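Beneath this line is the structure, given in structure tokens, with notes to follow.
Since we're looking at a predicted model, the values are computed, not measured.
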Amino acid sequence: MNTKFTVKVAEVQDLKYVPVILREIEESAKERGTGIAKRTASYLEEKINEGKAVMAFSAADEWAGFCYIETWSNKTYVANSGLIVSRKFRNEGLARKIKEVIFDYSRTKYPDAKLFGLTTGLAVMKINSNLGYKPVTYSELTQDDVFWSGCQSCVNFEILKSKERKNCLCTAMLYNPSEAKEPENSKKTEAEDDQKLFSKFKKIRTMLWKK
């Protein structure tokens, strides 16, 4: 399938898609067997009303994907959270497109903020890496207690707590605008990029779990 998508800042009329988004997020987590910080309908509605979310639609105007912005530590840290793509439109590069759009949108709204994320998925790690994110220790992320309290609904929260919030099963990634560099040579093959990225995360994961 070669579907053209439109990714735009979500508007009030898009609030009707919130139940669909929540269902997709929950079912996706079950399929992957990974932990997830639960979101409420009111929280996603708030993000849309504040202009802090993007949605993707197919050429036939079907809902296709979603992601939103969170700010922490007086807006010095920004997270692009809740990324989800409708199962109907997966494996078409839409997740990458959504991440690119919300990354640029976040950089425009908060140009001096550090962008960060926690993820267990290699696909998301690869997208983040291509955008300029780097794997980091948890100590380099926001230390805002409100952010970390969101992990309480995750099935892996006890691991995070036992590690005194220093690491968990998620990989931490950070984009620091003051250290941003040009993307690596685009002529490298995708297989080479995947191997390099996997090795990088394996190395940092081993280092963290030894602590």
Side-chain angles (χ1 to χ4, degrees), residues 3-30 34-90 92-119 121 124 127-128 131 133 141-154 157 170 172-175 177:
T3 305
K4 291 184 178 180
F5 299 100
T6 298
V7 182
K8 66 179 185 68
V9 177
E11 303 175 72
V12 175
Q13 60 264 33
D14 298 321
L15 290 169
K16 61 185 177 183
Y17 297 108
V18 168
V20 177
I21 295 168
L22 289 172
R23 184 165 59 250
E24 284 282 359
I25 291 175
E26 184 175 356
E27 292 179 356
S28 178
K30 290 178 180 178
T34 59
I36 186 171
K38 293 182 179 179
R39 287 87 173 177
T40 64
S42 60
Y43 186 72
L44 297 191
E45 289 168 357
E46 179 183 349
K47 291 300 176 184
I48 293 172
N49 285 326
E50 292 177 343
K52 295 180 180 179
V54 300
M55 280 198 193
F57 295 90
S58 70
D61 205 31
E62 296 176 271
W63 176 84
F66 176 78
C67 195
Y68 65 86
I69 295 172
E70 294 178 302
T71 60
W72 308 98
S73 304
N74 296 317
K75 300 180 181 179
T76 58
Y77 284 87
V78 168
N80 296 154
S81 302
L83 174 65
I84 188 68
V85 171
S86 169
R87 279 169 291 179
K88 181 177 180 179
F89 300 113
R90 291 179 187 171
E92 296 188 46
L94 181 54
R96 179 185 301 275
K97 184 171 183 178
I98 292 173
K99 286 286 288 184
E100 289 173 349
V101 170
I102 200 165
F103 175 80
D104 290 340
Y105 185 44
S106 299
R107 293 282 293 117
T108 298
K109 288 178 69 70
Y110 311 101
D112 299 320
K114 296 178 181 178
L115 277 69
F116 74 99
L118 289 170
T119 182
V124 174
I127 294 171
N128 284 349
L131 288 171
Y133 287 72
L141 307 183
T142 177
Q143 296 307 303
D144 192 320
D145 289 333
V146 177
F147 167 76
W148 294 101
S149 67
C151 294
Q152 292 182 16
S153 59
C154 175
F157 180 66
C170 284
M173 301 191 73
L174 182 76
Y175 173 89

Going through the checks in order, is the side-chain contact (heavy atoms from CB on, under 4.5 Å) test met by Phe66 and Ile48?
-> CA-CA 10 Å; Phe66 176 78; Ile48 293 172; 4.3 Å; yes
Spacing of [atom1] belonging to [X] relative to [atom2] belonging to [Y], to within rounding of 0.5 Å:
{"X": "Leu141", "Y": "Leu174", "atom1": "CG", "atom2": "CG", "answer": "6.5 Å"}
{"X": "Tyr68", "Y": "Leu83", "atom1": "OH", "atom2": "CG", "answer": "11.0 Å"}
{"X": "Ile102", "Y": "Cys67", "atom1": "CD1", "atom2": "SG", "answer": "4.0 Å"}
{"X": "Tyr105", "Y": "Tyr110", "atom1": "OH", "atom2": "OH", "answer": "7.5 Å"}
{"X": "Ile21", "Y": "Lys16", "atom1": "CD1", "atom2": "NZ", "answer": "12.0 Å"}
{"X": "Glu27", "Y": "Ile84", "atom1": "CD", "atom2": "CD1", "answer": "9.0 Å"}

According to salt bridge (Lys or Arg N to Asp or Glu O under 4.0 Å), who are the partners of [X], at least two apart in sequence or on a separate chain?
{"X": "Glu24", "result": "Arg87, Arg90"}
{"X": "Lys109", "result": "none"}
{"X": "Asp112", "result": "none"}

Of all pairs that satisfy side chain to side chain donor-acceptor pair (under 3.5 Å), the ones with a partner from residues 42-57, not counting sequence neighbours |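 For residues 42-57: Thr40-Ser42, Tyr43-Glu70.
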Are Arg39 and Ser81 close enough, and set up right, to give a side-chain contact (heavy atoms from CB on, under 4.5 Å), and what steps lead you there?
-> CA-CA 10 Å; Arg39 287 87 173 177; Ser81 302; 4.0 Å; yes
Do the side chains of Phe57 and Asp14 get nearer than 4.5 Å, heavy atoms only?
->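 Yes - at least one pair of side-chain heavy atoms lies under 4.5 Å apart.
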Indicate yes or no: at least one non-hydrogen side-chain atom of Val20 is less than 4.5 angstrom from one of Trp63.
->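 Yes, at least one pair of side-chain atoms sits under 4.5 Å.
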Check: Phe89 ring centre within less than 6.0 Å of Phe5 ring centre |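 Ring centroids of Phe89 and Phe5 are less than 6.0 Å from each other.
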Restricting to side-chain hydrogen bond (donor to acceptor under 3.5 Å, both in side chains), what partner residues turn up for [X], sequence neighbours left out?
{"X": "Thr142", "answer": "Ser73"}
{"X": "Thr76", "answer": "none"}
{"X": "Thr71", "answer": "none"}

Where is the tightest heavy-atom contact between [X] and [Y], given as atom of each residue plus distance?
{"X": "Phe157", "Y": "Trp148", "result": "CE1-O, 4.4 Å"}
{"X": "Leu94", "Y": "Gly65", "result": "CD2-N, 4.5 Å"}
{"X": "Val78", "Y": "Ala113", "result": "CG2-CB, 3.6 Å"}

What pairs of residues pass the salt bridge (Lys or Arg N to Asp or Glu O under 4.0 Å) test when at least one of them lies in residues 74-84, not counting sequence neighbours?
->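 Qualifying pairs: none.
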Pairs in or reaching into residues 98-107: which pass salt bridge (Lys or Arg N to Asp or Glu O under 4.0 Å), with residues at least two apart or in two chains?
->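 Every candidate salt bridge (Lys or Arg N to Asp or Glu O under 4.0 Å) pair involving residues 98-107 fails, so no pair, neighbours aside, qualifies.
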Tell me, please, which residues at least two apart from Phe147 pass ring pair (Phe, Tyr, Trp, His ring centres under 6.0 Å).
->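 Expected list: Trp72, Phe116.
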Strictly by modelled atom types, are Asn128 and Thr119 linked by a side-chain donor-acceptor pair under 3.5 Å?
->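 No, no side-chain donor-acceptor pair sits under 3.5 Å.
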